[in-house]
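Presented below is the structure to which this report refers.
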Amino acid sequence: MPTTANRPRPTRIDELPPFPEGWYLIATREAIEKKKLIEKTWMGDEIVAWCDETGQICVAEAFCPHLGSHLGPSVGGRVRDGCLVCPFHGFTFDTTGQCVSTPNAPAPKAARLKLYPTREILGMVFAWWGVGGRPPQWDLPDEPAAGAKWSRVHHTTLRFRGHPQETTENSVDVEHLEYTHGYHDVEPTAELSVDGAYLRSCFDFKSAQRVAGLFDIVADVSAIVHVHGLGYSLVEFHEKKIGMRSRLWVLSTPVDDTFVELTLATQVREIRKPGQFITGLGFLPVSLRHRLMARLVLSEERRYVKQDVVIWDRKRYQSPPRLSRTDGPIGKYRLYCRQFYPELRAQAGSARRIG
Ligand code: FES
Ligand SMILES: [Fe+2]
């Protein structure tokens, strides 16, 4: 009888390639600027990211085209005058990836870093990962309007065994909202819609919550989920009783072929009727109220997502799924996902299946 320690690993990954094409979070601009140079394993690749004096962020493969040194700070890579300096022989690269100088000879023109195309949304830096190094096949949406009525974006990250198709599937799996999270009156409010790499899912729900262990509320919420590939989902919430709008980004990023890092990022908008939520909240300065509410929303979302993590961490990819009539558009979602595995389209007719 297998015990927890020796239980065989679920075979999910045998059927689902670990890296669907798309845009995936690298880090926040704030983190890159603070650390000067970051290194990480991202989509199974070793990468570095830094920022020059003009604010240009560069995300590059972490290996030097000279003789292959790792360029990360843990090996001795550093940023000088906005350029990345290799720890092995001192070749220096600007944010276009070009080698611009070496200590003792003219910079070889062919010495270029491999770069990843980047996009930034409200201080969150994303890079494109294409199968076989393909260029971006679609773009992320425009940055949503923010401004003074919105709080700044707060973040938290969880790491577990998982896959971005499986984490994103939960946004169309309305049944789990009741069963796993205890929401009630969950009702889709529009058909799931798909337009290329964009998918939208809309539903209403109610949830009784004890917020931060302090007070009970019954939230009456409308949610619109905007999915732009499997690494970028934005959920717009509208809590109707107190008139609170909030945004939750769910950013699932494969580390390697086993682990994902799921970053939750949230911001809240000015509340129309704060006194109905907590007496006294309406008297707080807006900036303090924003910060308080954003932290509350984020800690609640983290608590909910941890309920999912227990499942994700141990589940396998079930294909085909044996669905019931109330399961919602999981089949349609899986068809949508196929576009992110061009390598499987190229192998049409093989025994591997998605869906
Ligand atoms: S390996 Fe980077 S400078 Fe030689
Ligand atoms: Fe969930």
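Quantities reported herein were computed from a predicted structural model and do not represent experimental measurements. Every number for a ligand or one of its atoms is a count from 1 in the order of the listing.
Formation of a donor-acceptor pair under 3.5 Å by the His176 side chain with backbone atoms of Asp173 is found in this model. Checking side-chain atoms of Ser299 against main-chain N and O of Val297 turns up no donor-acceptor pair under 3.5 Å.
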N/O donor-acceptor pairs under 3.5 Å from side chains in residues 99-110, not counting sequence neighbours:
unit_1, atom_1, unit_2, atom_2, d
Thr102, OG1, Ala105, N, 3.0
Thr102, OG1, Ala105, O, 2.5

Determine all donor-acceptor pairs shorter than 3.5 Å in which one atom belongs to a side chain in residues 59-75; sequence neighbours excluded.
unit_1, atom_1, unit_2, atom_2, d
His66, ND1, His89, ND1, 3.0
His70, ND1, Gly72, N, 2.9
His70, NE2, Glu46, OE1, 3.1
Ser74, OG, Glu39, OE1, 2.9
Ser74, OG, Glu39, OE2, 2.9

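Applying the ring-ring contact (aromatic ring centres under 6.0 Å, His included) test to residues at least two apart or on different chains, the pairs with a partner in residues 95-126 are Trp42-Tyr116, Phe126-Tyr232.
The set of protein atoms (N, O or S) found at less than 2.8 Å from atom 4 (Fe) of ligand 1 reads His66 ND1, His89 ND1, by chain and number.
The side-chain tip of Arg159 points at the ring of Phe259 from less than 6.0 angstrom away and within 45° of straight on.
Geometry at the Fe ion (ligand 2): NE2/His181 and OD1/Asp308 form an angle of 80°, nearest 10 degrees.
Counted by atom type alone, Ser201 and Ser171 present zero donor-acceptor pairs between their side chains at under 3.5 Å.
Distance check for Asp173 against the Fe ion (ligand 2): none of its N/O/S atoms falls below 2.8 Å.
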